[in-house]
Asks: 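I'd like to ask some things about the structure below.
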Amino acid sequence: MPELPEVETTRRGIEPHLLGKAIQGIVIRQPRLRWPIPQRLKQLLPGQRILAVERRAKYLFLRLTQGTIIIHLGMSGSLRILPANAQPGSHDHVDFLLGEKCLRLRDPRRFGALLWTAADPTKHKLIQHLGPEPLSSEFDGHYLYRLSRNRKVAVKNFIMDSKVVVGVGNIYASESLFRAGINPVRSGHCTALRRYMQLAEEIKQVLQEAIAQGGTTLKDFHHEDGSAGYFAQKLLVYGRENRACLRCGRPIVKRVIGQRSSFYCTHCQH
DNA sequence: AAATTCTCCTGAAGGC
DNA sequence: TGCCTTCAGGAGAATT
């Protein structure tokens, strides 16, 4: 399930294969993703060059000569660079043809999106209301503390709210809360500044470490060449229900918070 | 306004 | 072995 580190890993993986390349065409085998893939891309794309490959939150931008392609990988999406004639599998929905190579979008669960905009993509309706990037200087403990004053939701839900901060999905929320010693159920407004200071730092650290490891491969995530990420081996609480807490040895608890499974240590996290 | 619930979809895993 | 059920999950939309 691609979270921010996996999307950034994907971006870094595909970027060198795409920069400056001309798109010769697009093959859409299955247009029904989260939103229909615009069919006019078939006319729009041929001849355009890819000028930049950027990321904002979990969205990827392919900046073209005219306009920008916006891609979201949903929870099972992946992008790979393949020979143009590679046989497509059943969930390989889209190919961008780049001469001898192609950029292929696979998304078995089809929660992802592939859109196009002529305007500034950061002003796009899906993008413009997003909170700050977690790795930016704008995001810190003071910021979290300030925004949380009237929020009664669990701190885990609070940091997973993309209007608060982007890119903190279920896995990394659990991990950063464990590292910061905060019980995920604790309500946002009952969490002190010094706790938010540490939490913000742990979020930055866990995301940076995951990017350095090439992302977390649990089920669906693979690199642009099909290889796996290694951060799963560094997870301290996620998926470790009933196993010993790596700090105190007591069993890790699994509980559903806001419709999402959360893993934590009731002894180490308050 | 904030918080919760619903929804999209398919593969994996568990029960019988 | 195979069918059936349940679960996972990002995030917008709908609802309370």
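Chain naming here is simple, since letters A, B, ... match the order of the sequence lines and numbering starts at 1 in each. All values below come from the heavy atoms of this structure, side chains included, with hydrogens, waters and symmetry mates left out.
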Asks: Just grab all the side-chain hydrogen bond (donor to acceptor under 3.5 Å, both in side chains) pairs involving residues 88-99 of chain A, residues at least two apart or on different chains.
Replies: A:Arg29-A:Asp95, A:Asp92-A:Arg106, A:Asp95-A:Arg104
Asks: Over how many whole Å does the gap from A:Asp107 atom CG to B:dC8 atom P extend?
Replies: 16 Å
Asks: Can you tabulate the close N/O pairs, meaning under 3.5 Å, that link protein atoms to atoms of nucleotides 12-15 of chain C?
Replies:
{"residue": "C:dG12", "atom": "OP1", "partner": "A:Tyr59", "partner atom": "OH", "Å": "3.3"}
{"residue": "C:dG12", "atom": "O4'", "partner": "A:Arg34", "partner atom": "NH2", "Å": "2.5"}

Asks: What is the distance from NE2 of A:His93 to P of B:dC9, rounded to the nearest Å?
Replies: 11 Å
Asks: Cluster partners of A:Leu115, using ILVMFWY side-chain heavy atoms under 4.5 angstrom, listed by chain and number?
Replies: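 In the cluster with A:Leu115 are A:Trp35, A:Tyr59, A:Phe61, A:Ile70, A:Leu126, A:Ile127, A:Leu130, A:Val166.
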Asks: Measure the distance from CG on A:Asp161 to P on B:dT4 and round it to the nearest whole Å.
Replies: 12 Å
Asks: Nearest of B:dG11, B:dC9, B:dA3 to any side-chain atom of A:His91?
Replies: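 Looking only at heavy atoms from C-beta outward on A:His91, the closest nucleotide is B:dG11.
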Asks: In whole angstroms, how far is the P atom of C:dA11 from the CD1 atom of A:Ile70?
Replies: 14 Å
Asks: Any idea which of C:dG10, B:dT5, B:dG11 is nearest the A:Pro108 side chain?
Replies: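 Of the options given, the side chain of A:Pro108 lies nearest B:dG11.
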Asks: Is the count of non-hydrogen atoms from other residues, nucleotides or ligands lying under 6.0 Å from A:Lys101 atom NZ greater than 12?
Replies: no
Asks: What residues, two or more places apart in sequence or in another chain, satisfy side-chain hydrogen bond (donor to acceptor under 3.5 Å, both in side chains) together with A:Thr191?
Replies: none
Asks: Which whole-number value in Å describes the distance from A:His129 NE2 to C:dA11 P?
Replies: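 Answer to the nearest Å: 16 Å.
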Asks: Roughly, in whole Å, what's the span from NZ in A:Lys58 to C1' in C:dA11?
Replies: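 The answer, rounded to whole Å, is 9 Å.
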Asks: Using the test side-chain hydrogen bond (donor to acceptor under 3.5 Å, both in side chains), find all partners of A:Glu15 that sit at least two apart in sequence or belong to another chain.
Replies: A:Arg11
Asks: Taking side-chain hydrogen bond (donor to acceptor under 3.5 Å, both in side chains) as the definition, give me every residue that meets it alongside A:Arg247, ordered by chain and number, with sequence neighbours left out.
Replies: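 side-chain hydrogen bond (donor to acceptor under 3.5 Å, both in side chains) check on A:Arg247 returns nothing, list empty.
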Asks: Any side-chain N or O of A:Arg110 below 4.0 angstrom from OP1/OP2 of B:dT10?
Replies: yes
Asks: Over the length of the helix from B:dA2-C:dT16 to B:dC16-C:dG2, how much do the five-pair end axes diverge, rounded to 10 degrees?
Replies: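 Taking five pairs per end, the axes differ by 50°.
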Asks: Does NZ belonging to A:Lys152 count more than 12 external heavy atoms closer than 6.0 Å?
Replies: no
Asks: Report yes if a side-chain nitrogen or oxygen of A:Gln259 is closer than 4.0 Å to either non-bridging phosphate oxygen (OP1 or OP2) of B:dT4; otherwise report no.
Replies: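 Answer no for this pair, as no side-chain N or O of A:Gln259 is under 4.0 Å from OP1 or OP2.
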Asks: Counting any heavy atom closer than 4.0 Å, what does A:Arg260 reach on the DNA or RNA strands: base, sugar-phosphate only, or nothing?
Replies: base
Asks: Quick one: side-chain hydrogen bond (donor to acceptor under 3.5 Å, both in side chains) pairs with a partner in residues 128-140 of chain A, sequence neighbours left out?
Replies: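 Pairs touching residues 128-140 of chain A that pass the test: A:Arg55-A:Glu133, A:Arg56-A:Glu133.
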Asks: Rounded to the nearest 0.5 Å, what's the gap from OG on A:Ser176 to CD1 on A:Ile159? Could you check?
Replies: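 Separation between the atoms: 4.0 Å.
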Asks: Is there a stack between A:Phe111 and B:dC9, judged by ring centres under 5.5 Å and planes under 30°?
Replies: no
Asks: Taking ring pair (Phe, Tyr, Trp, His ring centres under 6.0 Å) as the cut-off, I'd like each qualifying pair that reaches into residues 245-270 of chain A, sequence neighbours left out, listed once.
Replies: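 Non-adjacent pairs meeting ring pair (Phe, Tyr, Trp, His ring centres under 6.0 Å): A:Tyr238-A:Phe263.
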Asks: Within the supplied structure, the quantity of interest is the number of heavy atoms (other residues, nucleotides, ligands) at a distance under 6.0 Å from A:Asp120 CG; does it exceed 12?
Replies: yes
Asks: Residues two or more places apart in sequence or in another chain: which of them pass side-chain contact (heavy atoms from CB on, under 4.5 Å) with A:Ala22?
Replies: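 A:Arg49.
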Asks: Please report, rounded to the nearest Å, how far the C1' atom of B:dG14 is from the CD atom of A:Glu241.
Replies: 14 Å
Asks: In terms of the nearest nucleotide of DNA chain B, which residue is placed more toward the 5' end: A:Gln30 or A:Lys152?
Replies: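 Its nucleotide being nearer the 5' end, the pick is A:Lys152.
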Asks: What's the CZ-C1' distance between A:Arg106 and B:dT10, to the nearest Å?
Replies: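 So the CZ-C1' distance, A:Arg106 to B:dT10, works out to 13 Å.
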Asks: Scan nucleotides 5-7 of chain C against the protein and return all N/O pairs shorter than 3.5 Å with their distances rounded to 0.1 Å.
Replies:
none

Asks: Name every residue in residues 183-192 of chain A that has at least one heavy atom under 4.0 Å from any atom of DNA chain C, in order of residue number, or write none if there are no such residues.
Replies: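 Within this stretch, nothing sits under 4.0 Å of the strand.
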Asks: Can you establish whether the number of heavy atoms outside A:Arg194 located under 6.0 Å from its atom CZ is more than 12?
Replies: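 Open.
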Asks: Go through the side-chain N and O atoms of A:Lys254 and A:Asn242 and say whether any donor and acceptor fall under 3.5 Å apart.
Replies: no
Asks: Does the side chain of A:Asp161 reach to within under 4.5 Å of the side chain of A:Val168, using non-hydrogen atoms?
Replies: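 A side-chain contact under 4.5 Å is absent here.
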Asks: Counting side-chain heavy atoms from CB outward, which of B:dT10, B:dC9, C:dA11 is closest to A:Arg32?
Replies: B:dC9
